There are 2 protein chains.
Amino acid sequence: MPQTHRKRRPEARPDEILDAALAVFTEQGFAQARVEDIAKRAGLSKGAVYLYFPSKDAMLSALVEQSAGKLARAAEQLVAIGAPQDPETALRSLVKMLMTAMADPDISAAPRLVLTEAGRSPEIAAHYRSQVLDIARRAMSALLEAGVEAGRFRRVDTDALMRLMGGPCMAHMVLTTIFDLQPQDISDPADMAGAICDLVLYGLVPREKAA
Amino acid sequence: MPQTHRKRRPEARPDEILDAALAVFTEQGFAQARVEDIAKRAGLSKGAVYLYFPSKDAMLSALVEQSAGKLARAAEQLVAIGAPQDPETALRSLVKMLMTAMADPDISAAPRLVLTEAGRSPEIAAHYRSQVLDIARRAMSALLEAGVEAGRFRRVDTDALMRLMGGPCMAHMVLTTIFDLQPQDISDPADMAGAICDLVLYGLVPREKAA
DNA sequence: GCATTATAACTGACCGGTCAGTCATTAACA
DNA sequence: TGTTAATGACTGACCGGTCAGTTATAATGC
């Protein structure tokens with residue numbers, strides 16, 4: 001048997017397995033994904049996977065843990081830098097970033113898994129909630145406060161604003177990845193982000209006719 | 001009635017089975033739900049279920065088919081009646097209805113199943129897309145057009161507006177049912193709908209400072 | 001009315017396939 | 001030679017779907 005010299009790299013294994021797991025979970029969904037397929041893709045046998053993870057569920061948890069917060073922290077940083085100078089531009093950048101991220105299957109893979117699997121696993125839900133939703137909420141709250149302070153924003157409800165910005169991004173993800181709408185059927189994420197920010201910033205009712 | 005052994009009621013069976021299926025799917029998720037449990041809950045044996053449905057998948061499809069469109073048609077009707085007279089109030093009513101529906105676990109059960117299972121079953125996705133999304137889009141488009149005609153709304157992008165109204169409702173559903181946020185952790189759906197409509201109608205930027 | 005036959009609703013043991021997780025064994029090093 | 005990484009055949013549980021058999025009800029004959 002020709003020696004595949006790809007052995008003895010225990011340090012790198014966990015990440016390799018998680019990469020493979022993300023790919024297979026994304027392609028097949030968690031329940032349909034077979035551990036053996038994950039192992040194959042990582043260049044291992046099934047048994048070896050169990051040297052690094054105690055169960056299939058643990059792989060999902062680790063995956064969520066790894067990717068959860070990455071995006072939220074990026075958003076947090078973007079707000080921290082941009083909001084004090086120009087809250088409006090910061091808001092636009094934030095939505096554009098989020099929308100673009102959700103349109104990218106690689107980036108949205110983990111949130112998508114959470115969406116479909118969190119109902120089955122309360123601990124994943126709780127983890128995601130604290131690691132992502134809470135961070136995002138803090139960032140949005142800070143952004144809004146900066147805008148209000150600067151007299152650029154009305155003092156509105158943080159949660160309403162958060163859902164108004166986050167909801168459409170989630171919708172974009174659902175439409176493209178779950179309902180499988182193709183790019184030609186759906187607006188470019190950056191354009192959509194722009195249109196949504198325009199609407200939220202300036203309102204549906206014309207300015208000259210404000211009630 | 002004297003006969004507690006309620007048997008032989010073939011006419012009522014399919015609906016009884018679907019009711020049971022919805023309950024079990026909602027509690028356990030589709031993959032985890034056992035056909036035998038559905039049968040038990042419907043007061044039947046597993047075999048009998050297969051007299052009425054050819055497969056477990058068929059039960060899910062029938063369920064989606066049954067409930068899909070109900071909400072969309074209600075929305076369509078609400079718009080058809082309200083939009084010509086007062087587009088702004090119609091929009092508010094529409095969002096309130098949607099948000100309240102998504103906050104009710106019984107009503108949102110089917111959409112939630114679609115969200116988690118559509119990725120696995122392209123035909124369910126396609127069906128939901130044509131029966132619900134397309135109807136909703138037409139209604140929103142008509143509402144927007146009526147408002148523009150009446151000079152009450154700016155002419156904005158239909159899809160952006162749709163996502164801006166639908167996204168937060170979906171978010172509400174996800175937060176309450178998937179992340180299991182309790183009523184005390186989250187705004188009342190009607191209040192949230194009001195806050196969101198206020199924001200979208202009048203914009204985040206104060207009127208007196210319009211750019 | 002009552003007995004007999006026919007029919008359709010229903011049952012639940014069973015089959016076949018799948019797959020997470022285990023473990024005896026082997027290969028690769030030091 | 002001892003240790004560690006890795007293998008993959010195997011186990012056991014699970015569950016969707018089937019079907020031979022059972023039972024309630026209706027139809028028919030007398």
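A, B, ... follow the sequence lines: proteins, then strands. Residue 1 opens every chain. Quantities reported herein were computed from a predicted structural model and do not represent experimental measurements.
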| said: The test is salt bridge (charged side-chain N to carboxylate O under 4.0 Å, His left out); show your working for Asp157(A) and Arg163(A) and say whether it passes. | reply: CA-CA 10 Å; Asp157(A) 181 57; Arg163(A) 255 180 258 178; over 6 Å; no
| field | Worked check of salt bridge (charged side-chain N to carboxylate O under 4.0 Å, His left out) between Asp19(B) and Arg41(B) | value | CA-CA 9 Å; Asp19(B) 286 350; Arg41(B) 191 182 285 238; over 6 Å; no
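Residue contacts shown for Leu51(A) include a base, since a base heavy atom lies under 4.0 Å away. Using a 4.0 Å heavy-atom distance criterion, Ala58(B) is classed as making no nucleic acid contact. Heavy atoms of Ala31(B) sit nowhere under 4.0 angstrom from any nucleic acid atom.
With distances taken from any side-chain atom of Tyr50(B) to the nucleotides dG16(D), dC10(C), dA6(D), the minimum falls on dG16(D). Set against dT7(D), dC10(C), dA20(C), the side chain of Val35(A) has dA20(C) as its closest nucleotide. Set against dA20(C), dT18(D), dC10(C), the side chain of Arg13(B) has dC10(C) as its closest nucleotide. When distances are taken from the side chain of Lys46(B) to each of dC19(C), dG16(D), dC10(C), the shortest belongs to dG16(D).
In this structure, the side chain of Arg154(A) engages the main chain of Gly203(B) through a donor-acceptor pair within 3.5 Å.
Taking side-chain N and O atoms only, Tyr52(A) has a distance below 4.0 Å to OP1 or OP2 of dA6(D).
When each of Ala48(A) and Ala48(B) is assigned the nucleotide of DNA chain C bearing its nearest heavy atom, the one mapping closer to the 5' terminus is Ala48(B).
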